[in-house]
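Here is how names work: the chains are called A, B, and so on, in the same order as the sequence lines, proteins then strands, and each is numbered from 1. Note that this is a predicted model, so its numbers are computed, not measured.
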Amino acid sequence: KRRRAPPGVDEVQRKLEDVISRVGDKEDGASLENNLEKLCNVLDQYMENYRSNIIEIMAGCVVYLPEKLTIYSTVVGILNARNFNFGGEIVEKLTQILQDKLDSGDFNAALNVILFLCDLGNSRVLTLNSIVEFIESMLQLVFEEKDVPQVRIDWLIYAILHALPWIGSELKEKKPDELNNILEGIKNYIQDTRKREYLPLIQVWCSRGEVTVIHEQEDYLDCLWAQINKLKEDNWKELHIPRHHLAFESVLQDALQHNLPAFSAPVHREESQYPFPYVVFRLFDYADCPDDGPVLPGHRAIERFLIEEEIRWIIENNGRHLDKKSCAKELAQYAETATNVPIAYMILEVVLSQMFKLPSAPLPQIFYHSLLLELCKLLPKSFPFALAQAIELVYQRADTMQPIIIDRVVDWFSFHLSNFQYRWSWEDWYGSLAASAFDPKHIFTKEIIEKCLRLSYYDRLKEFLPDNFGPHLPPLPEIRYTFDDPDNEYFETASKFSQLFQSKATDEQMLEALKGPEGDYERDAFGIFFSVLLKLGCKTYSHVFAALSRYHHTLKTVSEAGDELQLVLLQALYACWKTYPQTIQVVVDKMLKMQVLDCAVVFSWLFSADMKHEMNRQWLFDTMNTALSRLSRHINKVEGEYKDAEREFNSKDNRIRDRDGDEQMEDEELFAASAKEAARERLNELKEKHETLRDFQKNLFLDIFHVCFKSVT
Amino acid sequence: TLKEQEIALRSSATLYIGNLSYYTREEQVYELFGRGGDVRRVIMGLDRFRKTPCGFCFVEFYTRMDAEIAMEALNQTRLDERTVRVDWDAGFVEGRQYGRG
């Protein structure tokens, strides 16, 4: 249809997009009411010829600009009052979008639509009756759906609770009984039905012994439920949502209203994914923020929740494109409008809550790290200060922090420091260095220094750390190689291998030299061979990698002869590079990829008695986690290929069936049958590969639990 | 051709890193860019005659996705007190490590 439109339609479309999406951006100094009125007049002119475009654009703004939600609900209200059909059509469109977003699992976008629809009750587009019924139909599912995951039900409850700040006041006034019923239903679910066994696993902080956490790590629904109850106590009056419709009361009050259809849930399938539960991350109290600035809303204040949700949305929406610049820019713009709260503290708290999310953050860690750098640049007056305070609080509370989160902080802050010339009040952390090696604060400081070293170099480290840190500096990172000492008992063997390397011996010659009199591979010889290789390649990683791939066959052949020979490699690597764990990590990773080492052997080595003194080191856990995530990635890839092959196979199946009864297609049919056979073979191959990998992974996890358990008992 | 070059750039998993300090070592590049994802290899740019580092390198990732993460996050951040410039590269070919000759 659009193609046949008169020329210039693109310009009109662009103009409409521009005026609609920019409304409320406050640039011309006119009052917002004026601007809304102006926008409505412009849209009225185009309503006849461009109605579907307007609806399309407006719906897009509802989904992707939730911070302007009440602006658009007011505009739709005014337009509906002038033109009843327009209101009906946009509601219809939004209901459709809601269904699509739910079906495709985009719950954030679906939530934005639900909030908007509820707010249309305030701007007199929808009847309050139908909104109540909409919410009731959601709640009904909570009690009717059986054998579905709790996360699915949780989301429904979350969406209802989330909508109440918008429509609660209106419901309280006009539908008090219905509102109470809804709240009663939610209460029953939250207090009686809902399970929370997972909670300790996802808490960033947990009390340990005598040390109790400063901020309770509350489940997100429990916290929101408490905030809604507080809002109810406050008579549903909140201070955050701009109620633009109030200015247009006289226009809106006589409008004809539409009915919102009941909520229809997406079909639940075995593979359906729902948002994970999380804890409400709190770092700051009102007392942590500057005295002369605005006050931080309390833990139970609905305003805290509403602002956090808007910040989270900005981060996630921009994060999809990994765009740190536009994300920081939007956050800075948001900060400008939010002048009644200490916004830098709130933004930082939300960024950290995402970064520290367990089991994993929604976006790559490095995205948050660089986003924080950008924010320091864009909000130079407030942000760097809040950030320094945050890191100090994290340090103070390190002893109640989950170890994996300490690791994340270490990675972030070392990167952050490397962007600021490593300037930091290091002296404040001096005390932790004298503490025991397993003290969390000690680990925190030591690992940050270690990671700063990796990003810089040894002399630089000595420069930026205070002089009294001298005794606590990490050892000089260099290879420890002792076989070139003529007094060493393996001096001869090492010289022999050294010569073999230098004369570019073949794999066969190397393998021959590694054999003992019995014809099997000798452990000592293999260890020395590997040490010599590391020594020859010690200049850069490229050198080591070149040597590894040159003698890949030798390494693989020998290490396949037994786990104990792989262990020899790891021990030799450790002996050479224990002063520089980065090299250990990189080389282990490489050899895992080259299939010279086996994951299970690496793990039992990491947690063996030999390595007990390294159990407080981050590199050890980094090495393990890297190996595990590489494996999961590989499995996901194979799973994807398997699913593709399955789809292809099924589609071939259908094509053959479609042709049944058509005799003239014999040749083609034969061809199709053989193609089908090939697809079946490929499918089976992939299925087997996938299953093998899954079993391997399962056993590996069991192994890890086993070795970890052994090492703590 | 220009078009081939464009296609190569759009599917590449290799980054060109410029404005490095001459003293920056390969390990540092591994540490920084390894934070973006799984690095296959780093190729340091060398002076054609002296064979010493001369301020650029290539970082090759295993996947395009990891390269994108590193590209977006690490462009214009600092390494050895210098603001590094990160760009897409069509893929490393032997010989390209020599600059300024």
Side-chain angles (χ1 to χ4, degrees), chain A residues 318-319 321-327 363-374 377 411-412 414-422 450-460 464 477 539-546 549 580 582-583 585-586 589-590 593 622 626 629-630 633-634 637, chain B residues 13 15 17 19-46 51-53 57-86 88 92 94 96-98:
Chain A
N318 285 286
H321 315 290
L322 297 167
D323 194 338
K324 61 176 177 185
K325 290 237 184 242
S326 76
C327 186
L363 297 164
Q365 289 287 318
I366 192 74
F367 172 78
Y368 301 111
H369 303 170
S370 57
L371 174 64
L372 290 172
L373 285 181
E374 291 294 318
K377 277 183 225 160
D411 285 344
W412 159 49
S414 56
F415 171 75
H416 189 83
L417 286 173
S418 84
N419 277 274
F420 289 98
Q421 289 108 50
Y422 303 97
E450 159 91 26
K451 288 277 161 96
C452 286
L453 168 63
R454 291 191 189 189
L455 289 167
S456 61
Y457 45 95
Y458 203 71
D459 285 335
R460 183 80 183 92
F464 67 73
K539 215 172 139 203
T540 69
Y541 291 153
S542 292
H543 286 83
V544 193
F545 292 171
S549 58
Y580 203 37
Q582 188 191 349
T583 306
Q585 247 174 285
V586 168
D589 185 37
K590 195 74 179 181
K593 284 181 187 132
D622 279 350
T626 312
S629 62
R630 305 266 196 272
R633 254 199 207 197
H634 184 56
K637 199 175 139 231
Chain B
L15 301 177
I17 322 296
N19 199 33
L20 289 177
S21 150
Y22 286 13
Y23 300 101
T24 298
R25 289 163 302 117
E26 207 186 279
E27 295 99 287
Q28 291 168 274
V29 179
Y30 261 95
E31 176 63 28
L32 183 63
F33 284 85
R35 288 162 178 240
D38 201 359
V39 174
R40 190 196 290 272
R41 58 176 178 164
V42 172
I43 298 134
M44 298 301 286
L46 300 175
K51 303 284 185 279
T52 52
C57 72
F58 301 95
V59 179
E60 197 180 309
F61 289 87
Y62 280 89
T63 64
R64 167 79 182 184
M65 189 61 216
D66 282 1
E68 272 171 22
I69 294 169
M71 162 84 196
E72 292 294 335
L74 296 174
N75 190 20
Q76 304 293 326
T77 64
R78 288 175 158 253
L79 181 59
D80 272 338
E81 335 281 333
R82 293 171 69 92
T83 306
V84 297
R85 204 186 79 225
V86 186
W88 286 108
F92 174 74
E94 193 55 42
R96 289 193 49 211
Q97 71 268 48
Y98 301 113

Chemist: Can you tell me which of A:Q365, A:H369, A:K451 forms the most heavy-atom pairs within a distance under 4.5 Å of chain B?
Modeler: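 Among A:Q365, A:H369, A:K451, the one with the most close pairs to chain B is A:K451.
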
Chemist: So, B:D38 and A:K593, do they make that salt bridge, N to O below 4.0 Å?
Modeler: yes

Chemist: Please look at B:R41 and chain A and tell me whether the side chain, the backbone, both or neither of the residue comes under 4.5 angstrom of a heavy atom of that chain.
Modeler: neither

Chemist: Give, as side chain, backbone, both or neither, the part of A:L322 having an atom under 4.5 angstrom from any heavy atom of chain B.
Modeler: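 A:L322 touches chain B through backbone and side-chain heavy atoms alike.
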
Chemist: Using atom types as modelled and distance alone, determine if a side-chain donor or acceptor of B:R40 lies under 3.5 Å from a backbone N or O of B:E60.
Modeler: no

Chemist: Taking atom OH as the centre, does B:Y23 end up with more than 12 heavy-atom neighbours from other residues, nucleotides or ligands that are less than 6.0 angstrom away?
Modeler: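 Open: at most 12 neighbouring heavy atoms sit under 6.0 Å from OH of B:Y23.
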
Chemist: Could you label the plane-to-plane angle of the A:F420 and A:H416 rings as parallel, tilted or perpendicular, counting under 30° as parallel and over 60° as perpendicular?
Modeler: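 Taking A:H416 first and then A:F420, their aromatic rings sit tilted (interplane angle of 30° to 60°).
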
Chemist: For each of A:Q585, A:K590, A:R460, tally heavy-atom pairs with chain B at distances under 4.5 Å, and name the one with the top tally.
Modeler: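 Answer, by heavy-atom pair count under 4.5 Å with chain B: A:R460.
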
Chemist: Over 60° means perpendicular and under 30° means parallel, so classify the ring planes of A:F464 and A:Y422, tilted if in between.
Modeler: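 Plane angle under 30°, so parallel.
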
Chemist: Using a 4.5 angstrom heavy-atom cutoff, name the option from B:R25, B:Q28, B:M44, B:E31 with the most pairs to chain A.
Modeler: B:E31

Chemist: For B:T83, which atoms come within 4.5 Å of any heavy atom of chain A: side chain, backbone, both, or neither?
Modeler: neither

Chemist: A:D411 versus chain B, heavy atoms under 4.5 Å apart: side chain, backbone, both or neither?
Modeler: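 When you check distances to chain B, atoms from both the backbone and side chain of A:D411 fall under 4.5 Å.
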
Chemist: Has the side chain of A:N419 got a donor or acceptor atom that lies under 3.5 Å from a matching backbone atom of B:R78?
Modeler: yes

Chemist: If you count heavy-atom pairs under 4.5 Å between each of A:S629, A:P364, A:S542, A:S418 and chain B, which one has the most?
Modeler: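 Answer, by heavy-atom pair count under 4.5 Å with chain B: A:S542.
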
Chemist: Check whether B:V29 gets within reach of chain A through its side chain, its backbone, both or neither, counting any heavy atom under 4.5 Å.
Modeler: neither

Chemist: Go through the atoms of A:F545 and report whether side chain, backbone, both or neither lie under 4.5 Å from a heavy atom of chain B.
Modeler: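 The answer is the side chain of A:F545.
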
Chemist: Quick check on B:I69 against chain A: is it the side chain, the backbone, both or neither that has a heavy atom closer than 4.5 Å?
Modeler: both

Chemist: Where on A:Q421 is there a heavy atom nearer than 4.5 Å to chain B: the side chain, the backbone, both, or neither?
Modeler: both

Chemist: At a heavy-atom distance under 4.5 Å, which candidate from B:E81, B:E26, B:E72 has the highest pair count against chain A?
Modeler: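 Top option by heavy-atom pairs under 4.5 Å: B:E26.
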
Chemist: Is the backbone N or O of B:Y30 less than 3.5 Å from a side-chain atom of B:R35, with the two atoms forming a donor-acceptor pair by type?
Modeler: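 No, the answer is negative, given that no donor and acceptor are paired below the 3.5 Å cut-off.
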
Chemist: Less than 4.0 angstrom from a charged side-chain N to a carboxylate O is my criterion; do A:K325 and A:E374 meet it?
Modeler: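 Judged by the 4.0 Å cut-off on N to carboxylate O distance, A:K325 and A:E374 do form a salt bridge.
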
Chemist: Between A:Q582 (side chain only) and B:E27 (backbone N and O only), is there a donor and an acceptor less than 3.5 Å apart?
Modeler: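 Side chain of A:Q582 to backbone of B:E27, a donor-acceptor pair under 3.5 Å: yes, one is there.
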
Chemist: Please identify, among B:T63, B:L79, B:D80, the residue contributing the most non-hydrogen atom pairs under 4.5 Å to chain A.
Modeler: B:D80

